[in-house]
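What follows is a short report on a single structure.
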There are 2 protein chains.
Amino acid sequence: MNERFERELMRGSLDLMVLSVLADGANYGYLIQKRVRDVGGDMIKLQAGTLYPLLHRLEADGAIRSKWDHSTGRKRKWYELTAAGRRRIRTQAAQWDRYTACIQQLLTPALAALPVK
Amino acid sequence: MNERFERELMRGSLDLMVLSVLADGANYGYLIQKRVRDVGGDMIKLQAGTLYPLLHRLEADGAIRSKWDHSTGRKRKWYELTAAGRRRIRTQAAQWDRYTACIQQLLTPALAALPVK
DNA sequence: CAACAATATATCGTTGTACGATAGATGTCA
DNA sequence: TGACATCTATCGTACAACGATATATTGTTG
């Protein structure tokens, strides 16, 4: 029941995370995954089977654009933000802040009401 | 595409909100919905078709327990936290904090890297 | 050199939650 | 009486995240 909580938590905020990574500069899937997992520690285990469809979705939405790189032996698909993607980060970050504020508004009195342990 | 973001955001954190409301005392569905919507403003539009299955799920999990009240003309199903429910709020609240900290860790440098507008 | 781990992208079926629509019942107020 | 708010509930749909699996290349180690 608790793994479920962790898993469902990421719905909707995962794309914001990926866009955030790309705000630091162009990047490709495998490294994006590493970066998110590094920051997320045991909280966020971003799967490849989640990330790649997510990237395709963001590209279809026009938030990012891609380019294959065959110069090295191992081919990589680089992604970078579009102007729309940058706008999207800003609006979604604002929404995220408002959303967490709502939760905090419910959570703070709740924890205070709970017996000390 | 932005409504999707709002909708998907709630996945996984909605049950924590409902549990939080119940931490302030026993309550019934309709009022729980009102409370969450009041706090949520335009961010959180909790639907009845979402809430009632959610309550049933929490009860099946043993986090809450219910009791019908027929004393008034309009019948109401009152819910209250169980001991397991109180534990669950504490653990999920801690997870929530850690999760939002992760997002913030990605978001802050991202917003700093973005052109001023 | 062979075996194995890491790098790199991708697809597929399953699961589960939130939504909107719908239903049905009671109470209040004009 | 008719409209509206209260109150609980179910059903089909949409869709994101998961785990498994596939495939291919590069690096490491016995």
Side-chain angles (χ1 to χ4, degrees), chain A residues 1-19 26-38 40 43-61 63-64 66-79 92 99, chain B residues 1-19 26-38 40 43-61 63-64 66-79 92 99:
Chain A
M1 94 173 81
N2 222 275
E3 324 75 62
R4 205 201 65 209
F5 180 65
E6 291 182 36
R7 184 175 61 244
E8 299 293 333
L9 262 190
M10 316 195 345
R11 303 219 17 166
S13 37
L14 212 44
D15 51 347
L16 182 54
M17 288 193 241
V18 169
L19 291 174
N27 215 330
Y28 59 93
Y30 192 78
L31 277 195
I32 296 171
Q33 187 192 18
K34 271 222 149 83
R35 170 104 174 95
V36 171
R37 290 175 84 118
D38 280 353
M43 273 309 283
I44 301 165
K45 292 156 189 349
L46 176 54
Q47 307 293 323
T50 299
L51 177 61
Y52 291 106
L54 196 164
L55 287 168
H56 302 162
R57 208 156 60 234
L58 289 173
E59 187 171 21
D61 284 353
I64 61 180
S66 68
K67 193 162 47 175
W68 278 102
D69 170 26
H70 297 274
S71 69
T72 54
R74 215 168 244 133
K75 64 194 167 105
R76 292 170 180 148
K77 200 170 178 181
W78 289 81
Y79 289 96
Q92 290 198 355
Y99 182 69
Chain B
M1 99 175 73
N2 223 276
E3 324 76 64
R4 204 200 68 207
F5 180 67
E6 291 182 35
R7 183 173 65 244
E8 299 293 334
L9 262 190
M10 320 197 339
R11 305 216 21 164
S13 38
L14 212 44
D15 51 347
L16 182 55
M17 289 194 241
V18 168
L19 291 173
N27 214 330
Y28 59 93
Y30 192 78
L31 277 195
I32 295 172
Q33 186 192 18
K34 271 218 147 81
R35 171 103 174 95
V36 172
R37 290 174 84 118
D38 279 354
M43 272 309 284
I44 301 165
K45 292 153 190 353
L46 176 54
Q47 306 294 324
T50 300
L51 177 62
Y52 290 105
L54 195 164
L55 287 168
H56 303 160
R57 207 157 59 232
L58 289 172
E59 187 171 20
D61 284 352
I64 61 180
S66 68
K67 194 163 47 179
W68 278 102
D69 171 26
H70 298 274
S71 70
T72 54
R74 214 169 244 133
K75 65 193 166 101
R76 290 167 180 150
K77 199 169 177 181
W78 288 81
Y79 289 96
Q92 290 198 354
Y99 182 69

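Numbers restart at 1 for each chain; the letters A, B, ... are given by sequence-line order, proteins then strands. FYI, side chains are in, hydrogens and waters are out, and symmetry mates aren't considered; it's all heavy atoms of this structure.
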Exercise. Look at all strands and tell whether A:W78 reaches a base, only sugar-phosphate, or nothing, counting heavy atoms closer than 4.0 Å.
Key: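 No contact at all - A:W78 keeps every heavy atom at 4.0 Å or more from the nucleic acid.
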
Quiz item: When we call it a touch if two heavy atoms are under 4.0 Å apart, what does A:L14 touch: a base, just sugar-phosphate, or nothing?
Solution: sugar-phosphate

For [X] and [N], what is the distance between atoms [atom1] and [atom2] respectively, to the nearest whole Å?
X: B:D15; N: C:dT17; atom1: CG; atom2: P; value: 8 Å
X: A:K75; N: D:dT23; atom1: NZ; atom2: C1'; value: 9 Å
X: A:R57; N: C:dT9; atom1: CZ; atom2: C1'; value: 16 Å
X: A:Y28; N: C:dT7; atom1: OH; atom2: P; value: 9 Å
X: B:Q47; N: C:dG20; atom1: CD; atom2: P; value: 5 Å
X: B:L55; N: D:dT8; atom1: CG; atom2: P; value: 9 Å
X: A:R74; N: C:dA8; atom1: CZ; atom2: P; value: 6 Å

Practice problem: Show the numbers, then the answer: is there a side-chain hydrogen bond (donor to acceptor under 3.5 Å, both in side chains) between B:S13 and A:Y99? | Solution: CA-CA 10 Å; B:S13 38; A:Y99 182 69; 2.6 Å; yes

Quiz prompt | B:R11 side-chain N/O to C:dA18 phosphate OP1/OP2 under 4.0 Å | solution = no

Exercise. Would you tell me if any nitrogen or oxygen in the side chain of B:H56 comes within less than 4.0 Å of OP1 or OP2 on D:dT10?
Key: yes

Practice problem: Just say parallel, tilted or perpendicular for the rings of A:Y52 and A:H56, cut-offs at 30° and 60°. | Solution: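 Tilted: the ring planes of A:Y52 and A:H56 meet at 30° to 60°.
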
Quiz item: Do the side chain of A:R76 and the main chain of A:D69 share a donor and acceptor less than 3.5 angstrom apart?
Solution: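 Here the side-chain-to-backbone pair does not exist.
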
Quiz prompt | Selected nucleotide, minimal atom distance to B:Y52 side chain, candidates D:dT10, C:dG16, C:dA18 | solution = D:dT10

